[in-house]
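Working notes for the structure below.
Within every chain, numbering begins at 1; the chains are lettered A, B, ... in the order of the sequence lines, protein sequences first and strands thereafter.
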Protein chains: 2
Amino acid sequence: MGNQHKIPQATAKRLPLYYRFLNNLHIQGKARVSSKQLSDAMKIDSATIRRDFSYFGALGKKGYGYNVEYLLGFFRKTLDQDENTPVILIGVGNLGTAFLNYNFTKNNNTKIEMAFDADHAKVGEIIGNIPVHHIDELEEMMENISVAILTVPVTEAQGITDRLVECGVTGILNFTPARITVPEHVRVHHIDLAVELQSLVYFMKHYPLDDEG
Amino acid sequence: MGNQHKIPQATAKRLPLYYRFLNNLHIQGKARVSSKQLSDAMKIDSATIRRDFSYFGALGKKGYGYNVEYLLGFFRKTLDQDENTPVILIGVGNLGTAFLNYNFTKNNNTKIEMAFDADHAKVGEIIGNIPVHHIDELEEMMENISVAILTVPVTEAQGITDRLVECGVTGILNFTPARITVPEHVRVHHIDLAVELQSLVYFMKHYPLDDEG
DNA sequence: TCGAATTAGTGAATAATTTCACGACATTTT
DNA sequence: AAAATGTCGTGAAATTATTCACTAATTCGA
Ligand SMILES: NC(=O)c1ccc[n+]([C@@H]2O[C@H](COP(=O)([O-])OP(=O)(O)OC[C@H]3O[C@@H](n4cnc5c(N)ncnc54)[C@H](O)[C@@H]3O)[C@@H](O)[C@H]2O)c1
Ligand SMILES: NC(=O)c1ccc[n+]([C@@H]2O[C@H](COP(=O)([O-])OP(=O)(O)OC[C@H]3O[C@@H](n4cnc5c(N)ncnc54)[C@H](O)[C@@H]3O)[C@@H](O)[C@H]2O)c1
C-alpha cells in the first residue's frame, strides 16, 4: 500500500514492462533469463535492469541470472496483480470505443467495468462486453471506482474531471489535450497522442541517428 | 535540420505542448503571457519553462513576459510547422480506425496520407478521408514517406517493421506491445497503453498523494 | 574436481533534469 | 520622475537517473 520505500519513479514506470515480458517468457516455458537477455529484448541497458531489480532486494543468482517463475511471482505481488482494479471510461467515441474493444485484463489487473457517454444513441449499447450508460447516471452508478479513462472532447474534459473527482476518483488517464486541474490527492497521467506524433517528427529531424525511445 | 545545438531531450519532448498551448492563446487573442501563467495552465514548473525557452535564446522581456505571437512564430519555425510531414498508418483495426478519424493536422504539421491493412474487407474503404490499401501494395505505394504509425497485432509488428524500414521509413510510432528491433538510424517511440494504465494504478497505490504527471 | 565463463549486485562516476533564488531590467502606478 | 511591482534569464545547488567497472558468487564443461 504505502510509499514503497523509495523506488525511483523511472524504475516504477518500467515495472509493468518487466512484468509483461516475464509473463511472456513464462508462457513460453523459459525457466531462466539474464539481465543481458532482458536488455536485448526490451532495449533497456542491462545495468539499468539490474539496478531496477536491486531496489527490491537480491532477486537473482550470480552466474545464473533470474528464475523466471520466481521473478514473475515477485512482480505479481509487487504490482498487486492479484487484486483486480476496476476502471470506468468516459466518452465512447473513436478512441473510447477502441479501448472498450481491447482486453486490458489479458496482461493486467485492470478491467473496464462500465462506460459513459452523453450521446443517447450510444447509451444501452454493449461494446466489448462493457455496457454504456448515460453520463447523467455517473453519480449514481459509480461505486468504489477510483480509476477513470478520459476520452471525451477537450471542451468537456475539465467538467467531467470535476465530477469524477467528486465521485471519489483518484486516478485519471487523460487522453484529451486538456491539462486538467485536480486536487492534490488525484493523480493524472496524460497521454497526448498528437504531441507524441509531433515529438517523434521533431526528434527525427533534430537528433543524431541512433538509440533511445 | 541537423542536431539543433544541444536541446535536452526532456525539453524537446515539451516543445509540441508549448506550441499547441501558444497556438490556443493566439486564437483566443491573448497578446502576452508569463511563465507563471503558462506554468499554471500546463502544470509545468515556471522555472522549467523559462529554462526550456532559454535554450533558444532570450525570447521574453523582463517585467513583461513573452509576446504570444512572436513566441508562436518562433516555435513554428523551430518545430518545422511550415513543411507538412506525411505519415502512413499500418493496421486499420480498433486503434488504427480511431486515429484515421482524428485530424492530427489541426494543431500539427503531420498528416496521415494512406493506411494499409491485410484484411480485404477493409481495403478500398476511405476512413476519415484516408484511403485504405492492401498491405501487399505497401512497397509500390510508398514514396518519400519516412514516418509510420504501427497499429497491427503484436505478432505482425516485427515483420511489418522490417518492411517499413526497407521502404525508407526512419520513424515509427509503435502502439503494439512488441519491442521492435530496428537499424540504428531508425527512431522508434513506443506508446504502450496497457503499460500506461497499469503504471497509473501502481503510482496511485505506492506514491504519496500529490503533484506530478 | 578444476578452471574458465557467466552474471548479479553495487559503489562510484557521470549525466541529465529540475529547482532555487537572485540580479537586472521593464513596466506600471502614483 | 520615483517607487513599487513584475518577470526574465541564469548561475549554482539539488535531485534524479544512467552507466561504468569491478567483486563475489555460481554455473558449466571437461
Ligand atoms: N481519436 C484520436 O485518434 C485522438 C488523437 C489524439 C487525441 N484525441 C483526443 O481524445 C479525445 C477523444 O477523441 P475521439 O476521437 O474519440 O472523439 P469523439 O468525438 O469520437 O468521441 C468523444 C465522445 O465523447 C462523448 N461525449 C461528449 N460530451 C460528453 C460528456 N459531457 N460526457 C460524456 N461523454 C461525452 C461523445 O458523445 C463522443 O462519443 C478528444 O479529446 C481528442 O482530442 C483523440
Ligand atoms: N485497442 C486498444 O485499445 C489497444 C490497447 C493497447 C494496445 N493495443 C495494441 O495495438 C495494436 C492494435 O490493436 P487493435 O485493438 O487496433 O487491434 P485490431 O485487431 O483491432 O487491429 C489490427 C488490424 O491490423 C490488421 N492486420 C493484421 N495483420 C496485418 C498485416 N500483416 N499487415 C497489415 N495489417 C494487418 C488487421 O486486419 C486489423 O485490422 C495491437 O498490437 C494491440 O496490442 C491496442
Side-chain angles (χ1 to χ4, degrees), chain A residues 3-15 17-18 22 25 30-72 74-75 199 203 206-208 210-213, chain B residues 3-15 17-18 22 25 30-68 70-71 74-75 199 203 206-208 210-213:
Chain A
N3 188 354
Q4 191 153 5
H5 253 337
K6 284 296 97 191
I7 306 299
Q9 297 220 355
T11 297
K13 282 195 192 146
R14 285 186 289 262
L15 296 183
L17 209 56
Y18 294 145
L22 288 168
L25 285 181
K30 292 263 194 219
R32 68 183 266 193
V33 69
S34 70
S35 64
K36 179 61 168 49
Q37 292 170 319
L38 289 171
S39 172
D40 290 344
M42 301 199 293
K43 330 285 180 193
I44 296 173
D45 189 277
S46 68
T48 299
I49 293 174
R50 291 198 301 280
R51 173 81 59 195
D52 282 349
F53 289 1
S54 79
Y55 292 115
F56 299 98
L59 302 177
K61 211 186 280 188
K62 298 181 180 183
Y64 174 88
Y66 301 90
N67 178 293
V68 171
E69 191 154 4
Y70 174 75
L71 200 55
L72 181 62
F74 185 85
F75 277 118
S199 170
F203 273 82
H206 298 282
Y207 282 77
D210 60 288
D211 69 324
E212 224 272 312
Chain B
N3 187 355
Q4 191 153 4
H5 253 336
K6 285 296 96 189
I7 305 300
Q9 298 219 356
T11 298
K13 282 194 192 148
R14 285 187 289 264
L15 296 183
L17 208 56
Y18 294 146
L22 288 168
L25 285 181
K30 293 263 192 217
R32 68 184 264 194
V33 68
S34 70
S35 63
K36 180 62 167 47
Q37 292 170 319
L38 288 172
S39 172
D40 291 343
M42 302 198 292
K43 329 285 181 193
I44 296 171
D45 188 277
S46 69
T48 299
I49 293 174
R50 290 198 301 280
R51 174 80 59 195
D52 282 348
F53 289 1
S54 80
Y55 291 116
F56 299 99
L59 303 176
K61 213 187 279 187
K62 297 179 183 185
Y64 174 89
Y66 300 92
N67 178 294
V68 171
Y70 175 75
L71 200 54
F74 185 84
F75 277 117
S199 171
F203 273 82
H206 297 282
Y207 282 79
D210 60 289
D211 71 323
E212 223 269 311

Problem - Backbone N/O of B:Gly65 and side chain of B:Arg32: donor-acceptor pair under 3.5 Å - result: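 Side chain of B:Arg32 to backbone of B:Gly65, a donor-acceptor pair under 3.5 Å: no, none is there.
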Handout entry: Donor-acceptor pair (no angle test) under 3.5 Å: B:Arg51 side chain, C:dT19 base
Key =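 It does, because a donor-acceptor pair links the side chain of B:Arg51 to the base of C:dT19 below 3.5 Å.
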Exercise for the section: Heavy atoms only: give me the nearest A:Asn67-A:Tyr70 pair and the separation to one decimal. Expected result: OD1-N, 2.9 Å
Problem - Shortest non-hydrogen separation from A:Ile49 to A:Ile44 and the atoms involved - result: CD1-O, 3.7 Å
Completion exercise
Across all chains, not counting sequence neighbours, the side-chain contact (heavy atoms from CB on, under 4.5 Å) partners of B:Ser46 are B:Ser35, B:Ser39, B:Arg50
Handout entry: Which residues share a side-chain contact (heavy atoms from CB on, under 4.5 Å) with A:Asp40, sequence neighbours left out
Key =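 Partners of A:Asp40 under the side-chain contact (heavy atoms from CB on, under 4.5 Å) test: A:Lys36.
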Fill in the blank from the handout: Here the gap from A:Tyr66 atom OH to A:Leu72 atom CG, rounded to the nearest 0.5 Å, amounts to 15.0 Å
Exercise for the section: Output the distance between atom CG (B:Leu38) and atom CG (B:Leu71), rounded to the nearest 0.5 Å. Expected result: 7.5 Å
Exercise for the section: Using the test ring pair (Phe, Tyr, Trp, His ring centres under 6.0 Å), find all partners of A:Tyr18 that sit at least two apart in sequence or belong to another chain. Expected result: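 Partners of A:Tyr18 by the ring pair (Phe, Tyr, Trp, His ring centres under 6.0 Å) criterion, ordered by chain and then number, come out as A:Phe53.
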Would you mind reading off the distance between [X] atom [atom1] and [N] atom [atom2], rounded to a whole angstrom?
{"X": "A:Lys36", "N": "D:dC20", "atom1": "NZ", "atom2": "C1'", "result": "16 Å"}
{"X": "A:Tyr55", "N": "C:dG11", "atom1": "OH", "atom2": "C1'", "result": "12 Å"}
{"X": "A:Ile49", "N": "D:dT18", "atom1": "CD1", "atom2": "P", "result": "11 Å"}
{"X": "B:Asn67", "N": "D:dG6", "atom1": "CG", "atom2": "P", "result": "21 Å"}
{"X": "B:Leu59", "N": "D:dT7", "atom1": "CG", "atom2": "C1'", "result": "14 Å"}
{"X": "A:Lys13", "N": "D:dT18", "atom1": "NZ", "atom2": "C1'", "result": "15 Å"}
{"X": "A:Ile7", "N": "D:dA17", "atom1": "CD1", "atom2": "P", "result": "11 Å"}
{"X": "B:Gln9", "N": "C:dT17", "atom1": "CD", "atom2": "C1'", "result": "12 Å"}

Handout entry: Position toward the 5' end of DNA chain D (nearest nucleotide), B:Ser54 or A:Ala10
Key = B:Ser54
Practice task
Among C:dT18, D:dT18, D:dC20, find the nucleotide with the atom closest to the side chain of A:Ala47.
Solution key: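 Nucleotide nearest to A:Ala47's side chain: D:dC20.
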Practice task
Side-chain contact test, heavy atoms from C-beta onward, threshold under 4.5 Å: evaluate it for A:Tyr55 versus A:Leu15 and give yes or no.
Solution key: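 Counting from C-beta outward, A:Tyr55 and A:Leu15 never come under 4.5 Å.
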Any [X] side-chain N or O less than 4.0 Å from OP1/OP2 of [N]:
{"X": "B:Thr48", "N": "C:dT19", "result": "yes"}
{"X": "A:Ser34", "N": "C:dT6", "result": "no"}
{"X": "A:Arg50", "N": "D:dC22", "result": "no"}

Exercise for the section: Could you tell me whether B:Ser35 contacts a base, only the sugar-phosphate backbone, or nothing, with contacts defined as non-hydrogen atoms closer than 4.0 Å? Expected result: sugar-phosphate
Practice task
Look at all strands and tell whether B:Tyr66 reaches a base, only sugar-phosphate, or nothing, counting heavy atoms closer than 4.0 Å.
Solution key: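 Result for B:Tyr66 = sugar-phosphate.
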Completion exercise
Residues of residues 37-46 of chain A with a heavy atom under 4.0 Å from any atom of DNA chain D, listed by number, are A:Asp45
Fill in the blank from the handout: Residue pairs passing the salt bridge (Lys or Arg N to Asp or Glu O under 4.0 Å) test with at least one member in residues 51-61 of chain B, sequence neighbours excluded, are B:Arg14-B:Asp52
Atom pairs under 3.5 Å: protein N/O with N/O of nucleotides 27-30 of chain D:
unit_1: D:dC28; atom_1: OP1; unit_2: A:Arg32; atom_2: NH1; d: 2.8

